[in-house]
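Remarks on the structure that follows.
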Amino acid sequence: MNIIIVGCGRVGSRLAMLFSEAGHEVAIIDSNPASFMSLGRNFEGRRVIGVGFDEDVLLEAGIDECDVLAAVTDIDNSNLMIAEVARRLFEVPHVLARLFNPDRENAYLQLGFDYVCGTNLVAEEMYSKVIAGLGSHVDSMGDFELLRFALNLDELDVESVRVRDLERKHQLRVAVFERADGSASSIPDEESVLHNGDIVIVGVHKDMIDSLKHYMRD
């Protein structure tokens with residue numbers, strides 16, 4: 001994909017590096033040349049100096065061939081203006097805008113813009129972890145919790161456990177796991193073997209969480 005990112009702050013530079021490392025064509029725009037220092041030496045995309053809603057600047061960044069534009073400056077009004085120009089003048093297929101003020105969500109929805117509100121994301125994630133009472137909390141669905149944790153087998157004095165035994169004993173489902181050293185990840189079947197320290201994501205009924213806690217590494 002051809003990606004344009006407007007705003008080279010912490011979010012913009014990180015986003016640019018993620019896309020660049022994944023092999024996409026990336027151009028990043030910022031009015032302050034010094035901001036590009038945060039990209040580091042390995043960034044292979046284009047750096048364009050200018051204001052993100054300026055048509056000439058967008059053309060220099062390659063908006064004519066752009067698949068995705070992300071407006072991630074630290075000013076909501078600027079992000080909205082950039083998104084308007086990208087979608088209405090250049091018909092970019094996918095335009096996203098960063099949003100700080102959650103009170104403006106309805107306006108973004110009515111305009112049909114895709115957006116990410118960091119304020120809400122952080123607040124909702126912290127709220128969910130507090131309500132769940134678990135740092136391993138990922139999400140809740142009715143009476144079930146989705147948990148992510150490093151597997152602790154120390155108290156059992158074993159080095160491994162089969163997925164089927166873990167699932168049957170605690171009435172859970174192991175959705176995916178990653179080896180402790182990051183060497184491999186997989187969707188397991190019931191015969192898969194999990195080792196001490198492996199990272200797992202499991203779905204479990206709320207009533208069974210207490211019995212599972214000794215498997216969770218602190």
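Just so you know, these numbers come straight off a predicted model, no measurement behind them.
In this structure, Met81 CE and Thr73 OG1 are separated by 10.0 Å, a value rounded to the nearest 0.5 Å. Atom CD1 of Ile28 sits about 6.5 Å away from atom OG of Ser13, to the nearest 0.5 Å.
Salt-bridge check for Asp165 with Arg162: failed, with every basic side-chain N at 4.0 Å or more from each acidic carboxylate O. Salt bridge status for Asp198 with Arg179: present, with a side-chain N to carboxylate O gap under 4.0 Å.
Side-chain N or O atoms of Asp76 include one that pairs as donor or acceptor with a backbone N or O of Phe100 at under 3.5 Å. A donor-acceptor pair under 3.5 Å is formed between the side chain of Arg46 and the backbone N or O of Ala61. Side chain of His205 to main chain of Phe144: no donor-acceptor pair is present (N/O by atom type, distance under 3.5 Å, no hydrogens or angles).
Surrounding CZ of Arg10 are at most 12 heavy atoms belonging to other residues, nucleotides or ligands under 6.0 Å away. For Glu191, the CD atom is densely surrounded, since the number of other residues' heavy atoms within 6.0 Å is greater than 12. Heavy atoms of other residues, nucleotides or ligands lying less than 6.0 angstrom from CD of Glu167 number more than 12. The environment of CD in Glu105 is crowded: more than 12 heavy-atom neighbours from other residues, nucleotides or ligands sit within 6.0 Å.
Side chain to side chain, Ser192 and Asp189 meet the donor-acceptor criterion of an N or O pair below 3.5 Å.
Each of Val163 and Val193 belongs to its own hydrophobic cluster when Ile, Leu, Val, Met, Phe, Trp and Tyr are linked at side-chain heavy-atom distances under 4.5 angstrom.
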